[in-house]
K.L.:
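Can you keep this structure in mind? I'll have questions shortly.
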Number of protein chains: 2
Amino acid sequence: MPGVDDVFAALSDPTRREVLRSVAARPELTASRLAGELPITRQAVAKHLAALQKAGLVEPRREGRETKYTLTPAPLMDAMDWMAEVGAEWDVRLARLMERARG
Amino acid sequence: MPGVDDVFAALSDPTRREVLRSVAARPELTASRLAGELPITRQAVAKHLAALQKAGLVEPRREGRETKYTLTPAPLMDAMDWMAEVGAEWDVRLARLMERARG
DNA sequence: TTGATGTGCAACCTCCGAGTTGCGTATTTG
DNA sequence: CAAATACGCAACTCGGAGGTTGCACATCAA
């Protein structure tokens, strides 16, 4: 799935993860309000939110003159699935090694 | 956990994820052999392996003139924990999924 | 010993991303 | 209406990452 690429790319930046955490902590949040809590500009926050939206991790909702963002955690599961697959493939290899080691 | 930063950074690149998958698929793998399977140089593969090692996802083992790499999947769990926390803050169902996933 | 194979280090290039500033526009409020 | 607030778009800087080439060093095989 190509969506995993955007998810991991979105989570690769520490500031963006902090943005995601902040969105997750509240039912809804605007870019301006979040910029007031972080040491970066509102436009920087907007870019992070755009990246998170591209990954499907966040959803914007226009309300009058302000845009409120909400967490949509579904893509996180896809990323976790990817990691679980890698780990599972390793478990198989490990099991075979153990089997051969015991003879 | 500061290690989570390196893990997500390591997983952010598609080529590097492919490298990690290749390492996970075999019990051990060298940079040169992997470079023969990928459309990039051995040095590029070495850089990816270095990034994965920095994240604790891979472990090198010198054997004669070649360096074999092995998967160490533990940090993947830390990353999954991070995602589970974010999701849990939004929806408790994610945490329950994690519980079942880790057994 | 000689040649081939495997690795590591360093310089270099290119491109993308994080962050900034500036400006234009829509919406609320007085 | 005018002022303030919230947003979006565009241009710009700058540092880092992915990738390459080149070279030096170690190790195995003939």
Side-chain angles (χ1 to χ4, degrees), chain A residues 2-23 26-71 75 79, chain B residues 2-23 26-71 75 79:
Chain A
V4 179
D5 200 304
D6 290 330
V7 175
F8 280 123
L11 296 179
S12 65
D13 183 63
T15 303
R16 193 154 44 227
R17 286 201 303 275
E18 183 64 29
V19 169
L20 187 64
R21 281 195 88 109
S22 301
V23 175
R26 301 167 180 80
E28 58 187 12
L29 193 53
T30 70
S32 296
R33 176 161 185 80
L34 190 48
E37 304 176 0
L38 296 180
I40 55 177
T41 320
R42 170 187 64 87
Q43 286 83 347
V45 177
K47 283 190 179 183
H48 286 304
L49 288 171
L52 292 172
Q53 180 184 355
K54 185 186 176 189
L57 289 169
V58 121
E59 196 184 32
R61 184 170 55 96
R62 194 72 192 237
E63 197 165 303
R65 67 177 160 184
E66 53 189 348
T67 302
K68 300 184 176 179
Y69 286 84
T70 306
L71 180 73
Chain B
V4 179
D5 200 302
D6 291 328
V7 175
F8 281 124
L11 296 179
S12 65
D13 183 63
T15 303
R16 193 155 45 228
R17 286 200 305 275
E18 184 63 28
V19 169
L20 187 64
R21 282 195 89 109
S22 300
V23 175
R26 301 166 179 82
E28 59 188 10
L29 193 53
T30 70
S32 296
R33 176 160 184 80
L34 191 48
E37 304 176 1
L38 296 180
I40 55 177
T41 320
R42 171 186 63 89
Q43 287 82 348
V45 176
K47 283 190 179 182
H48 285 304
L49 287 171
L52 292 172
Q53 180 183 356
K54 185 187 177 190
L57 289 169
V58 121
E59 195 184 31
R61 182 170 55 96
R62 193 73 190 240
E63 197 164 302
R65 67 178 159 181
E66 51 189 52
T67 303
K68 300 183 177 180
Y69 286 84
T70 308
L71 180 74

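Only this structure's heavy atoms are used, side chains among them; waters, hydrogens and symmetry mates stay out. First the proteins, then the strands, lettered A, B, ... as listed; each starts at 1.
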K.L.:
Taking only residues two or more places apart in sequence, or in another chain, which ones meet A:Arg62 in a salt bridge (Lys or Arg N to Asp or Glu O under 4.0 Å)?
P.N.:
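Partners of A:Arg62 by the salt bridge (Lys or Arg N to Asp or Glu O under 4.0 Å) criterion come out as none, since no residue qualifies.
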K.L.:
Report for the helix from C:dT1-D:dA30 to C:dG30-D:dC1: angle between first-end and last-end helix axes, five pairs each, rounded to 10 degrees.
P.N.:
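Rounded to the nearest 10 degrees, the bend comes out at 20°.
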K.L.:
Going 5' to 3' on DNA chain C, which nucleotide is the first and which the last to come under 4.0 Å of a heavy atom in chain B?
P.N.:
C:dA4 to C:dC9
K.L.:
Mind checking side chain to side chain contact (heavy atoms under 4.5 Å, CB included) for A:Glu66 and listing every partner two or more places apart, or none if nothing turns up?
P.N.:
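Result, side chain to side chain contact (heavy atoms under 4.5 Å, CB included) vs A:Glu66: A:Thr30, A:Lys68.
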K.L.:
Let me have a per-nucleotide readout for nucleotides 14-26 of chain D, 5' to 3', with B, S or -, counting only protein heavy atoms under 4.0 Å.
P.N.:
----SBBBB----
K.L.:
Which pairs pass salt bridge (charged side-chain N to carboxylate O under 4.0 Å, His left out) with one or both residues in residues 44-56 of chain A, sequence neighbours excluded?
P.N.:
A:Asp6-A:Lys54
K.L.:
Can you give me the closest heavy-atom contact between A:Val58 and A:Leu49, atom names plus distance?
P.N.:
CG1-O, 4.0 Å
K.L.:
Show me the side-chain donor-acceptor pairs of residues 14-21 of chain B shorter than 3.5 Å, one per line, residues at least two apart or across chains.
P.N.:
residue : atom : partner : partner atom : Å
B:Arg16 : NE   : B:Ala10 : O            : 2.7
B:Arg16 : NH1  : B:His48 : ND1          : 3.4
B:Arg16 : NH2  : B:Ala9  : O            : 3.1
B:Arg17 : NH1  : B:Leu11 : O            : 2.7
B:Arg17 : NH2  : A:Asp5  : OD2          : 3.4
B:Arg21 : NH2  : A:Glu85 : OE1          : 3.3

K.L.:
Return the set of residues passing ring-ring contact (aromatic ring centres under 6.0 Å, His included) with A:Tyr69 (not counting sequence neighbours), or none when no residue passes.
P.N.:
none
K.L.:
Report all side-chain donor-acceptor pairs from residues 36-44 of chain A shorter than 3.5 Å, counting only partners two or more places apart or in another chain.
P.N.:
residue : atom : partner : partner atom : Å
A:Glu37 : OE1  : A:Arg26 : NH2          : 3.2
A:Glu37 : OE2  : A:Arg26 : NH2          : 3.3

K.L.:
Considering all heavy atoms of both residues, which atom of B:Thr70 and which atom of B:Val23 are nearest to each other, and what is their separation?
P.N.:
C-CG1, 3.9 Å
K.L.:
Which of these passes side-chain contact (heavy atoms from CB on, under 4.5 Å) with B:Pro75: B:Leu52, B:Val4, B:Val7?
P.N.:
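Of B:Leu52, B:Val4, B:Val7, side-chain contact (heavy atoms from CB on, under 4.5 Å) with B:Pro75 is met by B:Val7 alone.
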K.L.:
In chain order, what residues pass the salt bridge (Lys or Arg N to Asp or Glu O under 4.0 Å) check against B:Arg33, with sequence neighbours excluded?
P.N.:
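Expected list: none.
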